[in-house]
Amino acid sequence: MAANQSSDHGIDENTRLYHPYQNYEVPIKAQYLYKLPTSPEYLFTEESLKQRRSWGENLTFYTGTGYLGGSVAGASAGIVSGIKSFENGDTSKLKINRILNSSGHSGRSWGNRIGIVGLIYAGIESGVVAVTDRDDVWTSVVAGLGTGAVFRAARGVRSAAVAGALGGIAAGAVVAGKQALKRYAHI
């Protein structure tokens, strides 16, 4: 759809020509082509300096991936549980029904739990970034610590403290693994 042209049409390096009717046999003159920027557009210059998703995108991303991953993992665990619950004399219809019921129930519950963990993590991380105005490893560790503590707060202080410590360690390990992957894997 976009075609880079030389400077004989007055195009610089930061724009590209866009022809909306390129795939159609319509005689359109070159003067009606649109000059689109090649870089993202921002309303304020401060937004262009930060290489980060917004809090809403962050919230949607973590919640959605958590729900999807939890649903797949829960469905897998439900399949195993459904197969283990087979009894002698079950027909194939009954076996399939057991597997579907078990995987559906486990997938929903795991997806909801992990989706909520993603929701809490995204909210805490966005809040920490808004307050401290920086995004580094410690932001993720604090968000993981807070997420674990909030997720298990209803089970008591001790459970919340243990879950918070595990959440902080897990978030730190994920961020360290991501940085190591970027450094050594060159993906």
Side-chain angles (χ1 to χ4, degrees), residues 46-47 49-90 92-187:
E46 295 86 16
E47 292 175 343
L49 299 176
K50 296 183 181 186
Q51 299 294 323
R52 188 174 196 309
R53 291 189 293 256
S54 70
W55 70 271
E57 292 169 339
N58 213 13
L59 188 77
T60 304
F61 175 74
Y62 286 129
T63 305
T65 55
Y67 183 80
L68 180 65
S71 295
V72 169
S76 301
I79 289 171
V80 172
S81 173
I83 291 172
K84 286 182 179 179
S85 68
F86 287 169
E87 296 177 3
N88 290 335
D90 283 349
S92 60
K93 269 186 162 180
L94 189 56
K95 289 178 182 180
I96 291 172
N97 190 14
R98 285 181 195 264
I99 290 173
L100 290 176
N101 286 341
S102 180
S103 64
H105 176 72
S106 297
R108 276 191 314 271
S109 61
W110 284 37
N112 287 335
R113 284 185 194 134
I114 298 176
I116 289 297
V117 168
L119 180 82
I120 295 169
Y121 180 83
I124 292 175
E125 185 186 34
S126 296
V128 170
V129 168
V131 169
T132 62
D133 199 29
R134 67 179 194 185
D135 185 20
D136 55 0
V137 176
W138 296 110
T139 302
S140 298
V141 170
V142 168
L145 195 141
T147 299
V150 169
F151 189 69
R152 290 292 182 195
R155 294 191 178 189
V157 177
R158 183 176 180 179
S159 178
V162 170
L166 290 175
I169 291 170
V174 167
V175 171
K178 181 180 173 185
Q179 288 179 351
L181 191 66
K182 280 183 180 179
R183 183 173 183 180
Y184 296 116
H186 302 293
I187 295 175

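Sequential numbering from 1 along the given sequence is applied to the chain's residues. Keep in mind that the numbers below use all heavy atoms, side chains included, and drop hydrogens, waters and symmetry copies.
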What pair of heavy atoms forms the shortest contact from [X] to [Y], and how long is it?
X    : Y    : value
G78  : S102 : O-OG, 2.8 Å
S140 : A171 : O-CB, 3.2 Å
R98  : S85  : NH1-O, 3.5 Å
D90  : K95  : O-CE, 3.6 Å
Y121 : T147 : CA-OG1, 3.1 Å
W110 : G70  : CB-O, 3.2 Å

Donor-acceptor pair, side chain of [X] and main chain of [Y], under 3.5 angstrom:
X    : Y    : result
S81  : A77  : no
S109 : S106 : yes
N112 : R108 : yes
S103 : A75  : no

Looking at side-chain heavy atoms only, is the closest gap between T63 and Y67 below 4.5 Å?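 Counting from C-beta outward, T63 and Y67 never come under 4.5 Å.
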
Check whether the side chains of D136 and T139 place a donor and an acceptor atom closer than 3.5 Å, and report yes or no.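 Short answer, yes.
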
Output the distance between atom CD1 (I116) and atom CD1 (I114), rounded to the nearest 0.5 Å.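 Separation between the atoms: 11.5 Å.
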
Roughly how far, to the nearest 0.5 Å, is CG of L59 from CD1 of I120?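 If we round to the nearest 0.5 Å, I120:CD1 and L59:CG are 11.0 Å apart.
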
